[in-house]
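The structure appears below as structure tokens.
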Amino acid sequence: MDFSDYLRFTRLFYGLTQRDFAEKLGFKQSTISDVENKRKNASDRLRAAIARQYPKTPEFERFLYEIKGASK
């Protein structure tokens, strides 16, 4: 899983639209879209904002595990 997938799954786990997710992180919706769709790489600032605002939890880890299992 690359970071664009991680970003999308984080957003989906929390039930947020790209717009809401971007607002909470202090970025434009277009930036989130560009990263999710692999048109841009995530900046260090975006990566830090996600780690700070949405830290990994056991529930999120379980969600990622289930997503990975479903894609096999």
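Quick note: residue numbers are just sequence positions, from 1. Every value quoted in this text rests on a predicted model; they were computed, and no experiment measured them.
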Can you find a heavy atom in the side chain of [X] that is under 4.5 Å from one in the side chain of [Y]?
X	Y	answer
Phe3	Ile50	yes
Met1	Leu64	yes
Ile67	Asp5	no
Tyr14	Lys24	no

Distance check, rounded to the nearest 0.5 Å: [X] atom [atom1] versus [Y] atom [atom2]?
X	Y	atom1	atom2	answer
Lys56	Phe13	NZ	CZ	12.5 Å
Lys40	Ser4	NZ	OG	14.0 Å
Thr17	Arg11	OG1	CZ	7.0 Å
Leu16	Leu25	CG	CG	8.5 Å
Gln29	Arg19	CD	CZ	5.5 Å
Glu36	Thr10	CD	OG1	9.5 Å

Review point. Which of these passes ring-ring contact (aromatic ring centres under 6.0 Å, His included) with Tyr6: Phe63, Phe60, Tyr54?
Key: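 It is Phe60, the one option of Phe63, Phe60, Tyr54 that forms the ring-ring contact (aromatic ring centres under 6.0 Å, His included) with Tyr6.
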Review point. If you look at every heavy atom in Gln18 and Ser33, which pair is closest and at what distance?
Key: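 Residues Gln18 and Ser33, closest heavy atoms: OE1-CB, 3.4 Å.
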Review point. Has the side chain of Asn37 got a donor or acceptor atom that lies under 3.5 Å from a matching backbone atom of Arg39?
Key: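 Answer holds: no.
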Point to revise | CG/Asp20: more than 12 non-hydrogen atoms of other groups inside 6.0 Å | key: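 Check passes, neighbour count above 12.
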